Amino acid sequence: MAAVDAVESRGRRRRATPTKGDRRERAILDAAEQQLGSDGYDRMTVATVAQAAGITRGALYFYFGSKNEVLAALVERTVTALRAEIDAADDGAPPAQAVRQGLEQTARMWREHGTVMRAAVELSPTVPAIDAVWRSAVEALADTMCRVAERAGAPAGSGPRDAAAVTGALVWMTERVFYQASASAGPDALDGATDTLSHVWSRTLGLDR
């Protein structure tokens with residue numbers, strides 16, 4: 001967890017006291033996201049990211065120790081925004097509305113930052129820092145949706161049919177469905193996935209009664 005702690009600590013500093021260095025770090029992450037979309041992970045290097053960010057390779061190493069550290073921070077930035085969207089969708093709304101809004105916001109993040117989120121899914125098995133950030137985000141989303149499920153009447157507890165276990169399974173299923181939809185060439189794939197997932201969530205939690 002040291003890697004994710006370092007990324008989160010860096011994020012807290014960036015949000016609390018924006019500086020020239022913070023702006024440079026954002027430029028690095030913006031450049032990395034652009035290169036993921038245009039060139040892909042394999043062709044992206046520390047040198048190409050530094051060049052795109054308008055800094056030297058040595059300057060980039062002041063902020064990140066490797067390409068994978070850049071990507072871990074980029075994933076952390078993306079999932080922090082996603083978690084904020086899901087929390088806002090929950091914010092006391094009726095369970096059916098919270099679920100639908102949460103799925104729509106998640107689909108929007110996949111649409112706008114799909115290259116980052118697909119990279120997180122694909123690299124998690126082999127890059128521990130990315131896996132730690134991605135897994136912590138998914139688990140945080142599951143905790144939020146667990147509260148929604150409990151408001152809908154799902155039993156609290158640690159059993160396999162209680163709210164925590166059920167929403168945990170649904171969140172991981174949602175991740176996979178949106179991943180496949182984001183990778184699809186179809187322009188409406190994410191909208192269709194949102195509708196399907198909304199149906200599954202509603203039926204599972206009894207929200208369509």
Side-chain angles (χ1 to χ4, degrees), residues 1-88 105-144 171-172 174-176 178-183 190:
M1 292 298 292
V4 67
D5 289 344
V7 171
E8 290 178 349
S9 175
R10 192 162 49 237
R12 285 192 296 270
R13 292 199 306 272
R14 181 170 59 248
R15 288 186 293 272
T17 55
T19 65
K20 180 179 178 181
D22 295 329
R23 292 192 295 272
R24 179 172 286 183
E25 186 175 325
R26 285 197 297 270
I28 293 169
L29 297 184
D30 290 343
E33 182 164 6
Q34 188 277 328
Q35 288 204 344
L36 269 181
S38 61
D39 301 330
Y41 170 80
D42 290 336
R43 294 178 61 190
M44 185 176 73
T45 67
V46 166
T48 61
V49 172
Q51 182 179 17
I55 62 175
T56 66
R57 184 172 168 178
L60 186 146
Y61 279 123
F62 179 80
Y63 298 93
F64 303 102
S66 66
K67 177 175 79 171
N68 284 340
E69 280 194 18
V70 174
L71 287 173
L74 180 57
V75 171
E76 194 271 343
R77 182 176 74 170
T78 304
V79 298
T80 295
L82 175 60
R83 286 164 64 173
E85 296 281 3
I86 299 298
D87 287 343
Q105 295 291 0
T106 303
R108 183 179 65 79
M109 291 295 294
W110 276 96
R111 186 173 287 109
E112 295 177 0
H113 303 285
T115 54
V116 178
M117 297 169 79
R118 288 195 302 274
V121 173
E122 293 163 3
L123 295 172
S124 284
T126 56
V127 183
I130 293 175
D131 181 64
V133 172
W134 186 249
R135 186 172 295 277
S136 68
V138 172
E139 290 171 353
L141 295 178
D143 287 343
T144 298
V171 167
W172 282 110
T174 297
E175 179 231 44
R176 185 55 48 173
F178 275 137
Y179 169 81
Q180 294 293 341
S182 174
L190 283 167

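Source: prediction; values computed, not measured.
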Checklist entry - How long is the gap from CG on Leu141 to CG on Leu82, to the nearest 0.5 Å? => result 5.0 Å
Checklist outcome for this item: In terms of heavy-atom contacts, Ala27 and Ala53 come closest through O-CB, 3.9 Å
Checklist entry - How many angstroms lie between atom CZ of Arg118 and atom CD of Gln180, to the nearest 0.5 angstrom? => result 10.5 Å
Checklist entry - Counting heavy atoms not belonging to Gln51, are there more than 12 under 6.0 Å from its CD? => result no
Checklist entry - Quick one: does Thr80's side chain get under 4.5 Å of Glu76's, heavy atoms only? => result yes
Checklist entry - From Arg83 CZ over to Glu139 CD, what is the distance, rounded to the nearest 0.5 angstrom? => result 10.0 Å
Item to check | Gap separating the CG atom of Leu123 from the CD1 atom of Ile130, nearest 0.5 angstrom | outcome: 4.5 Å
Item to check | Test salt bridge (charged side-chain N to carboxylate O under 4.0 Å, His left out) applied to Glu112 - qualifying residues, sequence neighbours left out | outcome: Arg108
Checklist outcome for this item: Shortest non-hydrogen pair, Ala107 vs Leu190, comes out as O-CD1, 3.9 Å
Next on the checklist: So, taking the atom named OG1 in Thr56 and the one named CZ in Phe62, what distance separates them when rounded to the nearest 0.5 Å?
Outcome noted: 11.5 Å
Next on the checklist: Could you check whether any side-chain heavy atom of Tyr179 comes within less than 4.5 Å of a side-chain heavy atom of Glu122, counting everything from C-beta outward?
Outcome noted: yes
Checklist entry - When you look at Val121 and Phe178, which way does the side-chain contact (heavy atoms from CB on, under 4.5 Å) test go after all the steps? => result CA-CA 11 Å; Val121 173; Phe178 275 137; over 6 Å; no
Checklist entry - At what distance, to the nearest 0.5 angstrom, does OG1 of Thr106 lie from CE of Met117? => result 7.0 Å
Item to check | Counterpart residues, side chain to side chain contact (heavy atoms under 4.5 Å, CB included), relative to Ala32 (two or more places apart) | outcome: Met44, Val49, Val70, Leu74
Checklist entry - Taking only residues two or more places apart in sequence, or in another chain, which ones meet Ala52 in a side chain to side chain contact (heavy atoms under 4.5 Å, CB included)? => result Ala31, Gln35
Checklist entry - Going by the salt bridge (charged side-chain N to carboxylate O under 4.0 Å, His left out) test, which pairs reach into residues 49-61, not counting sequence neighbours? => result none
Checklist entry - What residue pairs, at least two apart or across chains, pass salt bridge (charged side-chain N to carboxylate O under 4.0 Å, His left out) with a residue in residues 34-47? => result none
Checklist outcome for this item: Sorted by chain and number, sequence neighbours left out, salt bridge (charged side-chain N to carboxylate O under 4.0 Å, His left out) with Asp30 holds for Arg77
Next on the checklist: Checking Ser124 now: which residues fulfil side-chain hydrogen bond (donor to acceptor under 3.5 Å, both in side chains) with it, not counting sequence neighbours?
Outcome noted: none
Checklist outcome for this item: Contacts of Val79 meeting side chain to side chain contact (heavy atoms under 4.5 Å, CB included) (sequence neighbours excluded), chain-then-number -> Val75, Val133, Trp134, Ala137
Item to check | Partner residues of Arg135 under the salt bridge (charged side-chain N to carboxylate O under 4.0 Å, His left out) criterion, sequence neighbours left out | outcome: Asp131
Checklist entry - Looking at side-chain heavy atoms only, is the closest gap between Tyr63 and Glu69 below 4.5 Å? => result no
Next on the checklist: Under the rule for side-chain hydrogen bond (donor to acceptor under 3.5 Å, both in side chains), what residues qualify as partners of Thr174, not counting sequence neighbours?
Outcome noted: Trp201
Item to check | Sequence-distant partners of Thr45, side-chain hydrogen bond (donor to acceptor under 3.5 Å, both in side chains), two or more places apart | outcome: Thr48
Item to check | Shortest non-hydrogen separation from Leu36 to Ala119 and the atoms involved | outcome: CD1-CB, 4.2 Å
Item to check | For Tyr41, side-chain hydrogen bond (donor to acceptor under 3.5 Å, both in side chains) partners two or more places apart | outcome: Asn68
